[in-house]
Structure formats: C-alpha cells, structure tokens
Amino acid sequence: MASDHYARIYKVVRRIPRGRVASYGQIAELAGIPRHARQVGYALHHLSGDSDVPWQRVLNAAGEIAKRAYPEDARWQRDLLEEEGVEFDVRGRVLRKYFWKPRGRRRQPD
DNA sequence: AAACTGACTAATA
DNA sequence: CTATTAGCCAGTT
C-alpha cells in the first residue's frame, strides 16, 4: 500500500512542465529513490483518473507510452499529451525535444 | 514465508 | 536498428 515513496514520486511528477515528458527511471532518480522505476509506474497506476498529478507525462526510457493492461488507457494518455503539444513519430515515440531536462532547461521545443 | 507480478532499465547479442 | 536477458523492488497472493 501507499508508502512514503509515493508522495515523493507524485511530487516530482507534478514538477514536469506542461508539454514535456520524463521517464520512470528519471522520476525515481529525482525522487531520491534510484532504481525504483517500477515503483513509479506502480504508484501512477493507483492514480490514473482522479488527481492533480500529470501522470500522462511519464513514459518509459525509450520515449514510448508504457505497455499497459488496457490499451485504451494508452490511447487516452497519448491524446492528453498531444493536447498539450507533444508530438510522436511514426513509431509511437515522443520526439526528443519534448524530453524534460530538469534545471538544465536550455531551449523550448521549437 | 516463498512465489508471482508489473505503467521499468541497462546491458548484450 | 530490434530482440533477448538479467536485474530490479515494493505490493500481492
């Protein structure tokens, strides 16, 4: 059940700017719990639907929407991201320029 | 307590 | 570039 890690995870995810995305591993690292990528996904799974946490901005390390039990949820996630301006390539991967770079924010997408 | 599970990853081939 | 493998770790059964 909800461990204290969840709060750390949600806190970091909320920092992801609109129109940007981050990976599970990246979130875990920033939350101060390295190698807990899977737990990040687990924590987000408990939300999906009702919260102020922008769960849709979290993808796997390859920049793709993580494979889920219900494909409809993946489509929903993609729609949400495209709504905030994130673009995907033909293969279903988010373009590099949308990856969130904490602190070292250099250029805006486009 | 032991085995199983999963919205993960990095390393190899 | 894609596919396979082994490591990962909290939550469930």
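Naming convention: chains lettered A, B, ... in sequence-line order (proteins, then strands); numbering from 1 in each chain. Atoms considered below: every heavy atom in the structure, side chains included; atoms not considered: hydrogens, waters and symmetry mates.
- Taking the side chain of Ala61(A) as heavy atoms from C-beta on, and the options dA7(B), dA10(B), dG11(C), the nearest nucleotide is dA10(B).
- The nucleotide whose nearest atom lies closest to any side-chain atom of His46(A) is, among dC8(B), dT2(C), dT12(C), dT12(C).
- The side chain of Ser23(A) contributes no N or O atom lying less than 4.0 Å from OP1 or OP2 of dC8(B).
- One interatomic measurement links the two molecules: CG of Asp89(A) to C1' of dC1(C), which rounds to 13 Å at whole-angstrom precision.
- Screening Arg20(A), Arg15(A), Arg18(A) for a side chain to side chain contact (heavy atoms under 4.5 Å, CB included) involving Arg57(A) leaves a single residue, Arg18(A).
- Environment of CZ in Arg35(A): sparse, with no more than 12 heavy atoms of neighbouring residues, nucleotides or ligands closer than 6.0 Å.
- Lys67(A) has its NZ atom 11 Å from the P atom of dC8(B), to the nearest Å.
- Comparing dA7(B), dT9(B), dG11(C) by their closest approach to the side chain of Asn60(A) singles out dT9(B).
- In this entry the distance linking NE2 of His5(A) with C1' of dC8(C) reads 14 Å, nearest Å.
- Whole-Å rounding puts the Asp73(A) CG to dG6(B) P distance at 15 Å.
- Leu80(A) pairs by the side chain to side chain contact (heavy atoms under 4.5 Å, CB included) definition with Trp55(A), Gln56(A), Trp76(A), not counting sequence neighbours.
- Distance Ile9(A) CD1 to dC8(B) P: 13 Å, rounded to the nearest Å.
- Two residues are said to be in side-chain contact when any heavy atoms from C-beta on lie closer than 4.5 Å; Trp100(A) and Val21(A) fail this criterion.
- Judged purely by atom type and a 3.5 angstrom limit, Gln77(A) uses its side chain to pair as donor or acceptor with the backbone of Val58(A).
- Relative ring orientation between His5(A) and His36(A) is described as perpendicular, the plane-to-plane angle rising above 60° on a 0-90° scale split at 30° and 60°.
- Contacts with DNA chain B (heavy atom under 4.0 Å) in residues 24-37 of chain A: Tyr24(A), Gly25(A), Ala37(A), listed by number.
- Spacing between atom CZ of Arg8(A) and atom C1' of dA10(C) amounts to 15 Å, rounded to whole angstrom units.
- Atom P of dG7(C) sits at a distance of 22 Å from the matching atom of dA7(B), rounded to the whole Å.
- Taking Glu64(A) as the reference, Asn60(A), Ala62(A), Arg91(A), Arg93(A) meet the side chain to side chain contact (heavy atoms under 4.5 Å, CB included) condition, with sequence neighbours excluded.
- What separates CD of Glu64(A) from C1' of dA3(C) is a distance of 13 Å, to the nearest Å.
- For the OP1/OP2 pair of dG7(C) and a distance below 4.0 Å, the side-chain nitrogens and oxygens of Arg38(A) include no atom meeting the criterion.
- Distance from the side chain of Tyr6(A) is smallest for dG11(C) among the nucleotides dG11(C), dA10(B), dC1(C).
- The CD-P distance, from Gln56(A) to dA7(B), rounds to 18 Å in whole Å.
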